[in-house]
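Let me begin by presenting the structure, written as structure tokens, before commenting on it.
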Amino acid sequence: MRRVVITGAGTINALGQSVSATLEAMREGRCGIGPLEFRDVERLSIQIGGQVKGFEAEGLFNRQQMTLYDRFTQFTLCAAKEAIAQSGLEFIGELAARSGVVLGTAGGGVSTWDDNYRSVYEDGKNRVHPFVVPKLMNNAACSHVSMEHNLKGPSFTVS
């Protein structure tokens with residue numbers, strides 16, 4: 001059996017956009033469930049759920065990154081950055097070679113799927129952007145975390 005060390009935590013969720021904000025919300029008894037806010041929500045029979053609100057990606061990523069990252073990748077990169085900052089580790093040399101990413105996701109780039117289905121079926125476009133597939137892949141976020149933080153060990157996504 002190999003030793004695994006968890007050195008930091010990061011999160012973005014319906015209660016908060018950091019571990020400390022989430023813990024504070026939990027201590028105060030706040031609920032992350034509420035009215036959903038997105039395009040055509042009124043068409044749904046259930047219009048409540050846990051949704052991340054107030055996340056401003058534009059201030060966190062440059063224009064090129066915004067083109068490459070689905071919302072789930074943006075969340076993942078921010079949470080990973082928080083966890084790595086908590087760890088105090090710098091991934092160089094042998095540590096980089098022995099450090100990787102294991103990510104779990106049920107849906108991958110769902111926002112990208114939705115936007116592009118709408119583009120084709122509602123807006124009548126006959127093609128989608130060439131970066132659609134790299135944005136919506138379940139392993140996209142894992143790949144970007146490993147590249148962004150120089151993690152050269154095993155990296156994979158469990159779906």
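No hydrogens, no waters, no symmetry mates; every other heavy atom, side chains included, goes into these values. Index from 1, following the sequence.
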L60 CG: over 12 foreign heavy atoms closer than 6.0 Å: yes
Rounded distance [0.5 Å steps], OG in S146 versus NZ in K152: 10.5 Å
Check whether N150 reaches the backbone of A96 with its side chain - one donor and one acceptor, N or O, closer than 3.5 Å. no
Distance, nearest 0.5 Å, that separates CE of M137 from CG of D70: 11.5 Å
Looking at every non-hydrogen atom in both residues, tell me the closest pair between L95 and E90 and how far apart they are. CD2-O, 3.6 Å
Quick check: are there more than 12 heavy atoms from other residues, nucleotides or ligands sitting under 6.0 Å from OH of Y121? no
CD1-CZ distance between I12 and F55, expressed to the nearest 0.5 angstrom: 4.5 Å
Can you tell me how far CE of M147 sits from SG of C142, rounded to the nearest 0.5 angstrom? 9.5 Å
Is any side-chain heavy atom of V19 closer than 4.5 Å to one of Q86? yes
Kindly compute the distance separating CD (E37) from CD (Q47), expressed to the nearest 0.5 Å. 11.5 Å
A side-chain contact here means heavy atoms from C-beta on lying under 4.5 Å apart; do D40 and E122 qualify? yes
Can you name the closest pair of heavy atoms from A21 and S18 and give their distance? N-OG, 3.1 Å
M66 side chain reached by R63 side chain, heavy atoms, under 4.5 Å: no
Residues T105 and G107: closest non-hydrogen pair is OG1-N, 3.3 Å
Should the heavy atoms of other residues, nucleotides or ligands under 6.0 Å from CD of E28 be counted, would the total exceed 12? yes
Note: V52 and R71 closest approach over all heavy atoms is O-NH2, 2.9 Å
Does H129 use its side chain to pair, donor to acceptor, with the backbone of F131 at less than 3.5 Å? yes
Closest non-hydrogen contact found for Q74 with Y69 is NE2-O, 3.3 Å
Is a side-chain N or O of Q17 found less than 3.5 angstrom from the main chain of K53, in a donor-acceptor match? yes
Among side-chain atoms of N138 and T157, is any donor-acceptor pair under 3.5 angstrom? no
ILVMFWY cluster, F75 and V101 together (side-chain gap under 4.5 Å): yes
For E42, I'd like to know if atom CD has over 12 heavy atoms of other residues, nucleotides or ligands within 6.0 Å. yes
Counting neighbours of NZ on K125 that are heavy atoms of other residues, nucleotides or ligands and sit closer than 6.0 Å, is the number greater than 12? no
Y117 and W113 aromatic ring geometry - parallel, tilted or perpendicular at 30°/60° bounds: parallel
Is it true that, when you exclude R98 itself, more than 12 heavy atoms of the residues, nucleotides or ligands shown sit nearer than 6.0 Å to its CZ? no
What's the separation between atom CG in L15 and atom SG in C31, rounded to the nearest 0.5 Å? 7.5 Å
Do L151 and L68 share a hydrophobic cluster, counting only Ile, Leu, Val, Met, Phe, Trp and Tyr and linking them when any side-chain heavy atoms are less than 4.5 Å apart? yes
Check whether any side-chain heavy atom of L77 lies under 4.5 Å from a side-chain heavy atom of V145, and answer yes or no. yes
Ignoring hydrogens and geometry, is there a side-chain-to-backbone donor-acceptor pair from T76 to F72 under 3.5 Å? yes
Walk me through whether C78 and F61 qualify under side-chain contact (heavy atoms from CB on, under 4.5 Å). CA-CA 10 Å; C78 290; F61 304 105; 3.9 Å; yes
For A83 and G10, which heavy atoms make the closest approach, and how far apart are they? CB-N, 3.7 Å
Check this for me, if you would: do D114 and R39 make a salt bridge, where the nitrogen-to-carboxylate-oxygen distance has to be below 4.0 angstrom? no
Exam field: side chain N62 to backbone Q65, donor-acceptor pair closer than 3.5 Å: yes
